[in-house]
Structure formats: structure tokens, C-alpha cells
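One-based numbering, in listed order, for ligands and for the atoms of each. What's counted below: heavy atoms across the whole structure, side chains too, no hydrogens, waters or symmetry copies.
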Amino acid sequence: MNLMVGDSDTIVAIATGSGAGGVGIIRLSGPDAFTIARKMTATDAKARQAHFVSIVDGQNAVLDQGLLLQFPGPHSFTGEDVAELHCHGGPVLLRTVLRECIYHGARQATPGEFSQRAFLNNKIDLVQAEAIADLISSSTEAAARSASRSLTGSFSVQVDALLEQLIRLRVFIEAAIDFPEEEIDFIAESDVLERLETLASSINALLKSARRGRTLRDGLKLVIAGAPNAGKSSLLNQLAEQDSAIVTDIPGTTRDLLREHIQIDGLPLHIVDTAGLRDSGDAIEQEGIRRARSEMQSADHILLVVDNSGESALLDAATLVSHYEGDLPEAVPITLIRNKCDIQNIPATFTTGDINEICLSALRGDGIDLLRRHLLTTAGIADTESSDFSARERHVLALEECAGHLAQGLLQLKDHGAAELIAEDLRYAQDSLGSITGSFSSDELLGEIFGSFCIGK
Ligand SMILES: Nc1nc2c(ncn2[C@@H]2O[C@H](COP(=O)(O)OP(=O)(O)OP(=O)(O)O)[C@@H](O)[C@H]2O)c(=O)[nH]1
Ligand SMILES: [Mg+2]
């Protein structure tokens, strides 16, 4: 992917979605955008005004009638001259108009190339470019809202403010290195420690928000596991509010994995129902159990379901969970589901502790609300703050890296007060933080980000 600014050619793409629609938009960007639009409409359009035009082909045959809009650079989305042809939204017609633009010298845009140009011309930063893609592909209203907040700069503003603080501190310490004779006092007597601590805690706060933003965007993988007949599939059906899984009183009913995608108050949940865990001689069931174990390894959260109508009711959570010791991955949070509370007429309850427990009835639905609320809380978005923004795995990793370097710098400062070593840590921290908005990204990273876009953005 060519990421140089300045040598750009004119690109074109269908900017509206695939399929038939009332209106379809062809967007041109680059030095020849206006020339091409003029050739196809015989109109000298005024900036930012809609002109009713006939769109013609090379033989002057009318292809369609529609609107022509022109946005001269730099006051356009890409920062270049941008022309838009608003046609009727038929896929065949739009492809014909697109071909005509290419005939006049434009090149079909690659995925994300419009946003890429906007980034290269400093119209948007990387976070905003990614937010455009996220906004378009949002699967929930909450995800769309948070993507739109990222797009308007909520996240970038915070990153840039911290970046500025970090650079100031770095400059201060680098200066200390340049005047070695004054170094000891310089660091000891200044408020470097305090500034570094404040910065580290701000980065950690932003990291927390970014993790929430990532969860809102990507959702959580929730694996339902436990003994056969415990009511796992019944629980999936309750959460999904439909009979997705087969439920019978025969232990070993579920053999293969069953996936459902739902959302709770804007939190996307990817639920996996699994085969009951037991020693089985049946080859198919064995394979199902193997798959169940493997899904548990990659879960964000596990619901361990037990049939609480028998002796399980007498055992504490730790004992019940210990029965599955070999199966449960260590780092994944578990919630113990004591199911079938209807049989002994026990009310649905939520108990918090080392292991959180929910007593519920997957058959009747009692306690499902408790479970939903609990899942929102564990995802950290129980009371979604209006300041939430969407974030990607990449942003969370960069903030984690940055926090790590700052922690290392703090350690250096407290233990040795060595300016050179702190300066080095701050430089790494700056690189990590800067990679979020693109201040310090390699071409490779940019290519990866824009390559995941669809054409026309
Ligand atoms: N009374 C009562 N019965 C339940 C409840 N949940 C599930 N059952 C019954 O328990 C039996 C097993 O339910 P499933 O949901 O198939 O259990 P499972 O854990 O998916 O079982 P496997 O797929 O065999 O591992 C069925 O007869 C359900 O109707 C509940 O809350 N109360
Ligand atoms: Mg089942």
C-alpha cells in the first residue's frame, strides 16, 4: 500500500452500500475529480452546492439524472478535491457510472483508501479512521454511540493530552541529561516523581475506559459448561430468548458446540453451549467434550452450571468448582450457576464472593435478570457512562505497553534516580501512546489498519 502524500491519483468508489436503494453515491477524490465530474455532467459545479445534472457516458448517452456535489480541498473529507455523484441506487447503474469514471482516468479505490487519504492529509487521526469503520459495522446501538464518540475525538483528545504531558516530562528529563553536573538536584528537587505518578495514573484510567470500549465493540465470549443434564442448553435458550438448543432429560443431549450471538443493554455476547463434561465411552460425545474444553480456554467468562436440586445444594461453591479443576482455565472468571431452583421452590438469588453464585431456574426464567445484570457488571459496563468511546484491541495493547514503560520509569526513578534510564522508558512510553492516534506508526501498521476497511470509505 502506498502511503506517500502528495503523489496521489484520483480514486473512485461506490460510497453507498451494496444492493438496490433509492439513492447511490459515487465518490471521486483527487486532482482530477472535478475534471472527470465535468466531463460526465457537462456542469461546472459551484463548491458545496447541489446541481441537478444528467450523467452521460463517453458517447453522450444519458445514464442517469441526479445530483453533483463538489467539495474543493482542503475543506473536504479527504482533504483533496472531492466530487460526489448522487444517482439512483441500482447496482448495475452504479457500476456503469463507476466504469465511466475509470474510463475518464480515475482508479478504483482500495478498501479504506478515502479514510487513508483523510488521515494522511491530517483531516482525521487513526482512532477516528478506525471509528468510521466501527460506526458503519456497529451491531448494537451502544457500540454505534461509542464509535461516534471516538469519531468526534473523545478518545483522541485524551490520548493527545497525555502525549503532550509525556513529551513535556521527557523534554525536562532529557535536559537533565544534557546538564549532567546538575542532574542529581534537578531530578530530586523537581516534581518529576509527582508528574510521572500523575501521568501513570491517568494512563491507567484511560486504559480502563479503553478496555470497556473494546468490550462494547467486540463483546464477550461466554461459555456455558458443566455436567450433563445440568441445564446448560436451557440456560442458553433463556439468554437467547429462543429455542436454539435441543433440551431433553437425556444426559449427553448436546454434543456439538452451539453458538448464539445476543446483546444485553448494548453489550454483545457470544454465547457457546457445550457438551456436558463427563467420562464417556462414546466417540462422538468424547469429541464434543474435547471441543467444550477447548472453548473454555478461550472464554472471557465461564458459566459453570450445576443441578442444584440434589446434593449440590449442600456443597459450597469452592467445593463444586473444585470438581472441574482440570477443565477450568485459571485466568478466566467463573460464575457458578445453581440451576433448577424451582424444584425446591428456592427464590432466585445472587451471592457475591470469591466465586460469584447465582441460583436460578433456566426452565422458568427466574433469576435470568440477575444473571444479565451480573454479566454487565463483570464486563465493566453496568452503568455505561456517557463518556465511553469505542476502542480496539490495538488501543488496549498500546495503553498497556505505555503503562508498563511508565511503571518501569517510576521504578528507575525511585531506585536509582538515573535520568538516562528514565528517559529511555519515557521514549518507549511515548512510542506506544503515539501509535494509538498515528503520531508514531510504521507504514506497516497503517497498511494493516486501512486494509481491513471496505471499499468506498
Ligand atoms: N425443573 C427444572 N428443570 C430444568 C431446569 N433447567 C433444565 N431443566 C431440565 O433438565 C433437563 C436437561 O436440560 P438441558 O438444558 O438439556 O441440560 P444440558 O446441561 O444442556 O444437558 P446436556 O446437553 O445433556 O449436557 C431437561 O429435562 C430440562 O427441561 C430448571 O431450571 N428446572
Ligand atoms: Mg445441552
Does R195 form a side-chain hydrogen bond (donor to acceptor under 3.5 Å, both in side chains) with Q165? I'd like the steps, not just the answer.
CA-CA 9 Å; R195 282 165 72 184; Q165 281 181 37; over 6 Å; no
CA sep, side-chain torsions, deciding dist, call: S156, D160, side-chain hydrogen bond (donor to acceptor under 3.5 Å, both in side chains):
CA-CA 6 Å; S156 313; D160 287 344; 5.8 Å; no
Would you sort out whether E325 and H323 count as a side-chain hydrogen bond (donor to acceptor under 3.5 Å, both in side chains), showing the intermediate values?
CA-CA 6 Å; E325 219 163 40; H323 293 158; over 6 Å; no
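Those atoms of ligand 1 with a heavy atom of A362 less than 4.0 angstrom away are 6 (N), 31 (O). Atoms of ligand 1 found under 4.0 Å from any heavy atom of D249 (numbered from 1 in listed order, with element): 27 (O). Below 4.0 Å from some heavy atom of T248 lie the following atoms of ligand 1, by number and element: 11 (C), 12 (C), 13 (O), 16 (O), 26 (C), 27 (O). The distance from ligand 1 to the heavy atoms of I343 drops below 4.0 Å at these ligand atoms: 1 (N). Using a 4.0 Å cut-off to heavy atoms of G276, the atoms of ligand 1 that qualify are 25 (O). Those atoms of ligand 1 that come under 4.0 Å of a heavy atom in K232, given as number and element, are 15 (O), 17 (O), 18 (P), 19 (O), 20 (O), 21 (O), 22 (P), 25 (O).
Under the ring-ring contact (aromatic ring centres under 6.0 Å, His included) criterion, Y428 pairs with H405, sequence neighbours left out. Evaluation of the side-chain contact (heavy atoms from CB on, under 4.5 Å) rule for T253 yields I246, T248, I250 as partners, not counting sequence neighbours.
For atom 32 (N) of ligand 1, the choice among N237, I289, D342 with the nearest heavy atom turns out to be D342. Here the shortest heavy-atom distance to atom 4 (C) of ligand 1, taken over Q238, R364, R255, K340, belongs to K340.
Considering only non-hydrogen protein atoms, atom 22 (P) of ligand 1 sits nearest to N229 N, 3.6 Å. The protein non-hydrogen atom at the shortest distance from atom 17 (O) of ligand 1 is G231 N, 3.1 Å. For atom 28 (C) of ligand 1, the closest non-hydrogen atom of the protein is V247 CG1, 3.6 Å. The shortest contact between atom 7 (C) of ligand 1 and any protein heavy atom is with S234 OG, 3.2 Å. Protein heavy atom in closest approach to atom 30 (C) of ligand 1: L363 CB, 3.2 Å.
Relative to the six-membered ring of F155, R149 misses at least one condition, a distance below 6.0 Å or an angle of at most 45° to the axis.
Counting heavy atoms of neighbouring residues, nucleotides and ligands inside a 6.0 Å radius, atom CG of D279 does not exceed 12 of them.
Only the backbone of P251 comes within 4.0 Å of ligand 1, counting heavy atoms alone; no side-chain atom from C-beta on gets that close. Under 4.0 angstrom from ligand 1, the non-hydrogen atoms of T254 come from both its backbone and its side chain. Only side-chain heavy atoms of N339 come within less than 4.0 Å of ligand 1; its backbone N, CA, C and O stay farther off.
Within the protein, the number of N, O or S atoms lying under 2.8 Å from the Mg ion (ligand 2) is 2.
Side-chain contact between L336 and N356 is absent, with no heavy-atom pair separated by less than 4.5 Å. In this structure, the side chains of L371 and L303 come closer than 4.5 Å at one or more pairs of heavy atoms. For the pair M296 and D327, the minimum side-chain heavy-atom distance is below 4.5 Å.
Within the structure, every pair that satisfies the salt bridge (Lys or Arg N to Asp or Glu O under 4.0 Å) test and touches residues 341-365, not counting sequence neighbours, is listed here: R338-E357, R364-D366.
Electrostatic pairing of D282 and R255 counts as a salt bridge here, judged by a charged N lying under 4.0 Å from a carboxylate O.
At least one N or O atom of S233, backbone or side chain, sits closer than 3.5 Å to an N or O atom of ligand 1. Residue contacts with ligand 1: G252 is placed with a nitrogen or oxygen under 3.5 Å of a nitrogen or oxygen of the ligand (distance criterion only). Note: no N/O pair closer than 3.5 Å links A275 and ligand 1 by distance alone.
Side-chain atoms of S298 and K221 include a donor-acceptor pair closer than 3.5 Å. For the 3.5 Å distance criterion, the side chains of H395 and E130 qualify, holding a donor opposite an acceptor.
Residues V332 and Q297 share a closest heavy-atom pair of CG2-O, 4.5 Å.
The closest approach between any non-hydrogen atom of I250 and ligand 1 is below 4.0 Å.
A donor-acceptor pair under 3.5 Å is formed between the side chain of Q286 and the backbone N or O of S280.
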